[in-house]
Peer 1: 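Quick one: the structure is below, questions incoming.
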Amino acid sequence: MYVVYFAWVRERIGLPKEKIETQAKTVSELVEELKAREERYALAFSDLSALRVAVDQELSDFDASLDGVSEVAFFPPMTGG
């Protein structure tokens, strides 16, 4: 699956997108796998309340299933104005 990072998440991790192999069943499990990779991931995912997630381009929750998913995107909350 592809994991896409936006805004400061991209800056902290240093990548806009990457293809990964995962055994994670949920977004939360994916986050834990990513955090265990390196300190830059741990830093980017240190406060999940400051992040939103989209699964296959639909806004989702961190407990969402990854069954059959091809893309997960992480980004800060958006504001309008």
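Note that the numbering runs from 1 along the sequence shown for the chain. Atom set for the values below is all heavy atoms of this structure, side chains included, hydrogens, waters and symmetry mates excluded.
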Peer 1: Name all pairs fulfilling the salt bridge (charged side-chain N to carboxylate O under 4.0 Å, His left out) condition that reach into residues 10-19, sequence neighbours left out, sorted by first residue then second.
Peer 2: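 Applying salt bridge (charged side-chain N to carboxylate O under 4.0 Å, His left out) to every pair that reaches into residues 10-19, excluding sequence neighbours, yields Glu18-Arg37.
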Peer 1: By the salt bridge (charged side-chain N to carboxylate O under 4.0 Å, His left out) test, which pairs, at least two apart or in different chains, include something from residues 22-34?
Peer 2: Glu32-Lys35
Peer 1: Give me the atom names and distance for the closest heavy-atom approach of Pro76 to Phe6.
Peer 2: CD-O, 3.8 Å
Peer 1: Enumerate the ring-ring contact (aromatic ring centres under 6.0 Å, His included) contacts for residues 13-32, please, sequence neighbours excluded, ordered by first and then second residue.
Peer 2: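 Of all non-adjacent pairs touching residues 13-32, none passes ring-ring contact (aromatic ring centres under 6.0 Å, His included).
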Peer 1: Who clusters with Leu15? Use side-chain heavy atoms, under 4.5 angstrom, across I, L, V, M, F, W and Y, and order the result by chain and number.
Peer 2: Met1, Val3, Tyr5, Trp8, Val9, Ile13, Ile20, Val27, Leu30, Val31, Leu34, Tyr41, Phe45, Leu48, Leu51, Val53, Val55, Phe62, Leu66, Val69, Val72, Phe74
Peer 1: Strictly by salt bridge (charged side-chain N to carboxylate O under 4.0 Å, His left out), give each pair with a member in residues 39-50 just once, sequence neighbours left out.
Peer 2: Glu38-Arg40
Peer 1: With hydrophobic residues grouped by side-chain heavy-atom distances under 4.5 Å, do Val4 and Leu59 end up in a single group?
Peer 2: yes
Peer 1: Tell me which pairs pass side chain to side chain donor-acceptor pair (under 3.5 Å) where either residue lies in residues 53-65, with sequence neighbours left out.
Peer 2: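 Applying side chain to side chain donor-acceptor pair (under 3.5 Å) to every pair that reaches into residues 53-65, excluding sequence neighbours, yields Asp56-Ser70.
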